[in-house]
Amino acid sequence: MSSYALPAAASPVPLGDKRVYLMANGDLRLSANQNCWAAQRAMELEISQALNALGWAVERAHPYKESEKHGFIGSQKEGQEVFRTLDPDAPLIVAEAVWQYSHHILHGLLTHRGPILTLANWSGTWPGLVGMLNLNGSLTKAGVRYSTLWADDFGAPEFREQLATWLETGKLQHATDHVHAFAPSMAPQAERELGEALAAQLRREKAIMGVFDEGCMGMFNAIIPDHLLNPTGVFKERLSQSALYYESTQVSDEEADAVRQWMVQQGAKFETGPTHETDLTDEQLRQQCKMYVAAVRIADDFGCDCIGIQYQQGLKDLMPASDLVEGTLNNTARPPVKSRDGSRVLYDGEPIPHFNEVDECAGLDGLMTYRLHKAMGQPVENTLHDLRWGDADRSGTTDDFVWVFEISGSVPPEHLIGGWAGVTSVRQPAMYFPNGGGTIKGVSKPGELVWSRVFVEDGRLKMDIGRAKAISLPIEETERRWRETTPQWPIQHAVTYGVSRDQMMARHKSNHIQVAYANSAEEADKAALAKAAMAAAMGMEVALCGARKSGAPWQAADEGGVTGAYEGVE
């Protein structure tokens, strides 16, 4: 017998038959958890009713916290404490009506042996769908087995049938027959050679991704391990947001005011008021303009080809939101920024691809898209959006299902109807942004899109690529969709080709989706195929999702492409 004093081991009580845990992961910010609790509680009651109707009892995995006025897991520490008490072999539902920080519970899900179901209600009011997709992408990257489910109505027979399948078998599968493995033969010769040349150039000449404080928002899925990223030719420069804050303090009021004046001259509008707590103030805008100048200078200092500012958990107590900064960086037409000595205009005539919330998967995608579209003569501005929600069009404009793509920051004004003149900057919601700051609010212009997502699965980089279009809807329908989501943020009405709502939810491994415009449907198809060829040549496993605009499937291409049709790439 050992003479050492062994630590006491936790001995969770078995949950028992026909019983399932229900878990609610939440935000780090108390204000968000408190504001969102009512919606979460209402959803949990509906889920409990559905489970009871199937003969199952619900055991909430953690209690309501009277002192904090909500029932969410609000930190990684709390999540660890919760999992120590749970039966590791019991079925577990993670139910999300809100944004959640995956790292609060990822550690426990990694070692949970029982079946796991991620579940969200189909609502845009609080971003539960976004939170669930983030958790799904994180679990996929971590190699954790899970099932996922979403529903408009938890009383619907179809939902209850799917839930019963998971309860009985521990598994639930959705149709993903819209996903087609990419092979180089599917791209015409010219696009294939361009993509491969750009990949070779990136590996040879290399690029720097500036990362301001990695790991924002609990997005484990948004971190690309260096050993997967570096073989593509991209290397991280890990930067501190304290340096960004300091550099912002070194920018003069005159420089900052010149940035805002440039935006006003382009037609941007700012809805300002006098009260810091509730209004967008002139001082908040001045601080944002200082951050913009600082970000460009730091990017130049370190030779960054793209940058990502995580903002919310690092700078929210010090500065206004970074969103106006992020979208401006992503635009070719943007206020000029000179070097500190005034001798150079930095990145003159170019955007600086920026990835919101330091989503490195979006950063790699954005850098690829910029270089590819530049070589092809296509619009280079690109951005991530939240895959926020979607609904049937109630105006009767289209019979198609219309997604709401929406993000707090990073959308370039060039994507909006009217460009800079289509920008209305309003104060960020105080629940998430205590120091305010202006957004880039507007409606995305109609046009042909290429959408994509880089993600990590099975220990390797992968990329999904598809086609879509942004459409115009009447202002009444746009306003309805804004009211259902976040009216302060830019919105894109998107229709995906050959990918249904449920197919997208079943396959997509992130809360974010990358979008870029092309000049025509034919050119968008070519850009999608060239990007696929580039990603494959960079070592990614690539899938083409859905179809072209014509409805034609992705298949082996006619080899009639003209070699050398694209110039400027060695």
Side-chain angles (χ1 to χ4, degrees), residues 205-213 235-270 272 280-311 314-315 318-355 363 366-367 370-371 374 380-381 409-410 412-414 419-421 423 425 435 437-438 440:
E205 298 179 5
K206 302 179 176 54
I208 296 174
M209 174 186 288
V211 179
F212 284 97
D213 288 349
F235 294 78
K236 297 180 193 179
E237 185 72 56
R238 289 177 168 87
L239 304 167
S240 170
Q241 292 200 117
S242 61
L244 181 60
Y245 172 68
Y246 173 76
E247 187 66 34
S248 297
T249 68
Q250 303 306 296
V251 178
S252 69
D253 291 349
E254 292 75 19
E255 287 179 293
D257 294 345
V259 169
R260 179 177 175 181
Q261 185 59 33
W262 186 96
M263 295 175 178
V264 171
Q265 289 173 349
Q266 305 305 309
K269 296 169 285 294
F270 297 93
T272 58
L280 173 61
T281 67
D282 290 328
E283 183 57 27
Q284 289 170 18
L285 286 167
R286 177 177 279 175
Q287 293 301 315
Q288 287 183 294
C289 292
K290 289 186 176 185
M291 188 194 294
Y292 166 69
V293 174
V296 176
R297 286 177 176 163
I298 291 176
D300 177 66
D301 288 342
F302 289 91
C304 296
D305 298 273
C306 59
I307 62 171
I309 303 169
Q310 71 105 329
Y311 178 70
L315 292 178
L318 291 171
M319 299 190 74
S322 57
D323 303 88
L324 180 62
V325 176
E326 299 173 26
T328 303
L329 289 168
N330 270 330
N331 217 56
T332 301
R334 57 180 180 81
V337 176
K338 291 185 177 181
S339 56
R340 295 177 190 85
D341 62 5
S343 64
R344 295 180 295 129
V345 176
L346 307 179
Y347 298 90
D348 191 14
E350 298 180 67
I352 304 173
H354 178 280
F355 41 107
L367 178 62
Y370 171 59
R371 294 190 173 189
K374 185 177 181 179
V380 298
E381 288 84 2
S410 81
E414 183 61 29
W420 276 106
V423 172
S425 188
N435 279 308
I440 294 181

| So, for D213 and Q310, which heavy atoms are closest and what is the spacing to 0.1 Å? |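 Heavy atoms only, the tightest pair is O-CG, 3.3 Å.
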| Taking all non-hydrogen atoms of both residues, which atom of C289 and which atom of A256 are closest, and how far apart? | CB-O, 3.4 Å
Spacing of [atom1] belonging to [X] relative to [atom2] belonging to [Y], to within rounding of 0.5 Å:
X	Y	atom1	atom2	answer
L318	N435	CG	CG	8.0 Å
C304	H354	SG	NE2	11.0 Å
S252	D257	OG	CG	8.0 Å
I298	L244	CD1	CG	5.0 Å
S410	I309	OG	CD1	10.5 Å
I307	F212	CD1	CZ	5.5 Å

| request: Name all residues meeting the side-chain contact (heavy atoms from CB on, under 4.5 Å) criterion together with L346; count only those two or more places apart in sequence or in a different chain, and write none if there are none. | output: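 L346: side-chain contact (heavy atoms from CB on, under 4.5 Å) contacts with V296, R297, D300, V337, S339, R344.
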| task | Could I get the full list of side-chain contact (heavy atoms from CB on, under 4.5 Å) partners for A333, not counting sequence neighbours? | result |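 Expected list: W262, N331, W420.
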Side-chain heavy atoms of [X] within contact of [Y], under 4.5 Å:
X	Y	result
P351	N330	no
Q241	Y245	no
V211	L239	no
K290	D253	yes
E381	T332	yes

| request: Without swapping roles, check the side chain of Q284 against the backbone of G437 for a donor-acceptor pair under 3.5 Å. | output: yes
side-chain hydrogen bond (donor to acceptor under 3.5 Å, both in side chains) involving [X] - partner list, sequence neighbours excluded:
X	value
T328	none
K236	E214, E360
R260	D282
E350	Y370

| Q287 versus E283, side-chain donor and acceptor atoms under 3.5 Å | yes
| query | Is the shortest distance from a Lys or Arg side-chain nitrogen in E255 or R340 to a carboxylate oxygen in the other one below 4.0 Å? | reply | no
